[in-house]
Each structure stands twice: as C-alpha cells, then as structure tokens.
Amino acid sequence: MSRVERLENGLLVALEERDYPGVAFQFLLPAGAVNEPFPGASTLLEGWLWKGAGGLDAEGLAGALDALGVRRGSGAGLEYTAFSAAFLPEVLEEVFRLYALLLTEPWLKGEDLPAVKSVALQALRAQEDQPARKLFSELRKRVFRSPHGRDPLGEEEAIRGATPEALREDFARRYTPEGAILAVAGGVDWGRLRGALEPLLAWRGEGVGYPTPELSEPSRLLLKRPTAQVQIGLAYKDVGPEDPGFYAARLALEALSGGMASRLFTEVREKRGLVYAVSAFPAGVKGQGLLMAYAGTTPERAGETLKVLREEVERLSEGITEDEFQRAKVGLKTALVLADESVRSRAASMARDLFMLGRVRPLSEIEGALEALTLEGVNAHLQAHPYRDPWVGLLGEVDDVS
C-alpha cells in the first residue's frame, strides 16, 4: 500500500515501500502548456533550470548527479513538468538535496537563456520532420477549445520573444509546492524519506489552477505537405480513469490495437495491405478522455484507409468476441505485471494517479478491476458509449477525402 501525506509547504508526497535494491521518483510540477503565460514558457523554464543552482553550474549539477549514479530525465508536458530519477537508496539524501537546489536556488541567469531558446527552437523545427507528430499536434488544437490543445513545444515567435524577467516571474508563479506531486517507490521507509525531504521545506508558493477541458465540435483538418506518405489521424471522445467504464474501455482498446492479432493490425494492415503503420491510443487529459487512431499510407490509398480505419474503430459498438476479450484481458494483465517489476514505472503511475484521481490506485485494485470484467459488461459499455463523430486530420500530398 502507498502512504500519502501533504508536507507543511503543500507538497503532496506518496511512498510505496518495496523490498527492492533501488529507489525511483516522479516529480510533477504544476507548470504545463495548459497554464503557461505564452506558448513554450514551460519548455524554456525546464531547460533553463538545469543551467545552474546553488553553488553548481550546469556542468557541476550534471557531474554531481552522475557521480551518484542517478538515472534521470525531465521535460515539460501539456499538464505539468515532470522530473524523474532512479538511484540507490544510500544516496537518497544527497539526491533530494540537489533537486531541492533546482527549486529553491535556481540561477536563471539571463546570459544562459539564448542557449535554452536555441534548443527549444530546434525541437520545434524538428517536428516538421516528424509528420505524424505534426499532424496530432495540429489535430489536438482542433479538438479542444480550451488550452488543452496547445503543444508543449510552444511557438517560434513566443519563444524568441521570451524575456528573462517574464520567465522568472512565471517560475515564481507556477513552480510551487502547492499543486506539486512527488511519488516515490522502492527500498526506503517513510521516516528516512521524510528526513531526506527536509531541504524541500524551504520551497514555498501558493500555486496555480488548471483550466477545465472544453471540446470543440468535430471537424476535419487538411495539412498539405509534399510528403511521400499520407498521415491520417482520428480523435474520439472517450471516458477517463474516473469513469466506472474506464477498464472496459481500456480492454476494448487492447482488442482494437493491442498487438499483431488486434483488429487494426489484422484488418487494416494484414488483410488489405493499406498501411505501413496503424494504431490507436488513449490521449485524454484530466477531466476529459480521448481516444486517437493513426494510420500512415500512400496518397492513392488514403481514402480507403480512412474509411476502413473509421469502420474498425466505430465497429467496437457492436461488441468484441470471446476470443478478443480473453486475449485482451491477458494482454492488460501482462502489462500490469511487467510495469510492477519497475520502480520507475510504478512511481510514474502513482504520480499520474494522484494528478488524475487524487489518490493512488493499489495494483491489487487494478488487477481486481480487470479480473472482474466480463464480456457482457465490456460489450454493454461499448454499446452505451459508441465511438462516433471523430475529428479527422490528414497530412500529406493529398486532397481532402471522404
């Protein structure tokens, strides 16, 4: 079981103690594209932080963490900025001391910002060479009326115009313990973790809120690009993890796109040879579920591919078979077991649960919910919640197709 407590400064901390030789954490900061003052602010702040803190410059910070054997990552996303790390228990206190420096004593020097902007602009331009990512970035903008359609990479003009003063003000406003989540899993007990977090108690701030998701009316998007392939994207309203039908929807998604025996792979790729890639995946936000489907094909077969892709997603309302049900159930259970073996994965899922649900789901609860699913129950959910009226996106050298 997980222990969850709120520290004196407002930081929400969760620990799942395990008999495991390592420790991992996922740190979610309430600074994402949905609540940033201009497009790209969250990405710039995350990169700028690593340029120095306390008495350590960028090289000193990296060297100190490397010397401790910390495997780490960070990045700004749609709803929050995430910092993750995995390390041995004996360096716990020093690891959190260093991360506390990032939050309480960041340098945020103006002379370091141009290099951070350069990296952010390169990432933004690189998206033009990733047509599938570009398509879904633009499609999300059509799906949401609210800021949930923003791309965390930002926009070139806003990034270029960002000033150190504006970003420092934004850091003070959004990088706060109130609204932040720290999830820890592995070989450490609560008493020791609580002691290691003492440096973070100097971190203060009231925090900011999040906008409510608001969907637009379904529409079509055509992005003309001189590419050899056509990218097709669909977006459907779906239930979120707070909905009683969430597990039924996830099992149906596994039947639709969970492997080489799934419907999309079998019907769209293997039987008809329409695509080189096809998939469906959850893409919701807090308060609004979303299912997206993707196919990459040739201009000549774009119309047929779009038609078959839609048919297969929407045919779920007719129900899945007993064979599909059993195969999908095994697939989800296997994924759960494999995720359970990694403390990094567990810390990430704990943090996500706290953000989405306000609590941590025990693995036994998820396993029990999957075990309780029946074919009749899944099909009843699909009939009551059909996938219909999608947002449709096309990118490539192609005219709009039906």
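Note that the numbering runs from 1 along the sequence shown for the chain. Values below: all heavy atoms of this structure, side chains included; hydrogens, waters and symmetry mates excluded. The structure presented is a predicted model; accordingly, all values stated were derived computationally and were not measured.
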How close do [X] and [Y] get, heavy atom to heavy atom, and via which atoms?
| X | Y | result |
| --- | --- | --- |
| Y175 | L45 | CE1-CD1, 4.0 Å |
| A249 | Y387 | CB-OH, 4.2 Å |
| A255 | I320 | CB-CG2, 4.2 Å |
| L316 | L256 | CD1-CD2, 4.0 Å |
| A162 | L167 | CB-CD1, 4.3 Å |
| I159 | L153 | CD1-O, 3.4 Å |

[X] with [Y]: basic N within carboxylate O range, under 4.0 Å:
| X | Y | result |
| --- | --- | --- |
| R125 | E128 | no |
| E254 | R327 | no |
| K109 | D57 | no |
| R310 | D389 | no |
| E267 | R272 | yes |
| E311 | K307 | yes |
| R3 | D189 | no |
| K134 | E138 | yes |

Taking the side chain as everything from C-beta on, heavy atoms only, tell me whether [X] gets closer than 4.5 Å to [Y].
| X | Y | result |
| --- | --- | --- |
| E314 | Y236 | yes |
| R150 | V34 | no |
| R160 | E155 | no |
| K286 | Y210 | no |
| W48 | P106 | no |
| Y247 | L332 | no |
| R140 | L290 | yes |
| W107 | K51 | no |

Measuring from [X]:[atom1] to [Y]:[atom2], what's the distance to the nearest 0.5 Å?
| X | Y | atom1 | atom2 | value |
| --- | --- | --- | --- | --- |
| I232 | T305 | CD1 | OG1 | 5.0 Å |
| K224 | E397 | NZ | CD | 5.0 Å |
| L363 | M1 | CG | CE | 10.5 Å |
| L103 | T176 | CG | OG1 | 10.0 Å |
| T104 | W203 | OG1 | CH2 | 9.5 Å |
| R346 | Y20 | CZ | OH | 14.5 Å |

Original post:
Are side-chain N/O atoms of T81 and R174 paired as donor and acceptor at under 3.5 Å?
Top reply: no
Original post:
Going through the distances and angles, do Y294 and V275 end up as a side chain to side chain contact (heavy atoms under 4.5 Å, CB included)?
Top reply: CA-CA 10 Å; Y294 163 75; V275 301; over 6 Å; no
Does [X] have more than 12 heavy atoms from other residues, nucleotides or ligands lying within 6.0 Å of its [atom1]?
| X | atom1 | answer |
| --- | --- | --- |
| E206 | CD | no |
| Q383 | CD | no |
| K329 | NZ | yes |

With distance as the sole test, does [X] use its side chain to make a donor-acceptor pair with the main-chain N or O of [Y] at under 3.5 Å?
| X | Y | result |
| --- | --- | --- |
| S317 | P386 | no |
| T334 | V330 | yes |
| D170 | E36 | no |
| N9 | L200 | yes |
| R269 | Y276 | yes |
| D243 | G240 | no |
| R168 | L108 | yes |
| R6 | L11 | no |
| E324 | T321 | yes |
| S216 | R142 | yes |

**OP:** Could you walk me through whether R315 and R263 pass side chain to side chain contact (heavy atoms under 4.5 Å, CB included), step by step?
**Re:** CA-CA 10 Å; R315 190 165 63 89; R263 288 188 179 185; 3.7 Å; yes
**OP:** Mind running ring pair (Phe, Tyr, Trp, His ring centres under 6.0 Å) on F27 and Y99 for me, showing each step along the way?
**Re:** CA-CA 10 Å; F27 211 159; Y99 275 88; 7.6 Å; no
**OP:** Fit a plane to each ring of F355 and Y80, take the angle between them on a 0 to 90° scale, and name the class: parallel (under 30°), tilted (30 to 60°) or perpendicular (over 60°).
**Re:** perpendicular
**OP:** Report the relative orientation of the aromatic rings in F144 and H148; use parallel for angles under 30°, tilted for 30 to 60°, perpendicular for over 60°.
**Re:** tilted
Original post:
After noting the C-alpha distance and the side-chain angles of E8 and R194, does the key distance pass the salt bridge (charged side-chain N to carboxylate O under 4.0 Å, His left out) rule?
Top reply: CA-CA 12 Å; E8 301 93 296; R194 184 62 179 78; 2.7 Å; yes
Original post:
Stepwise, does the side chain to side chain contact (heavy atoms under 4.5 Å, CB included) test hold for L49 with F83?
Top reply: CA-CA 12 Å; L49 275 182; F83 294 83; 4.0 Å; yes
Subject >> Chi angles and distances behind the side chain to side chain donor-acceptor pair (under 3.5 Å) call for E46, S42 >> reply: CA-CA 6 Å; E46 184 273 327; S42 303; over 6 Å; no
**OP:** Sort out for me which residue in L15, V23, L197, L92 forms a side-chain contact (heavy atoms from CB on, under 4.5 Å) with R192.
**Re:** L92
Original post:
When you look at F25 and V13, which way does the side chain to side chain contact (heavy atoms under 4.5 Å, CB included) test go after all the steps?
Top reply: CA-CA 10 Å; F25 71 71; V13 179; over 6 Å; no
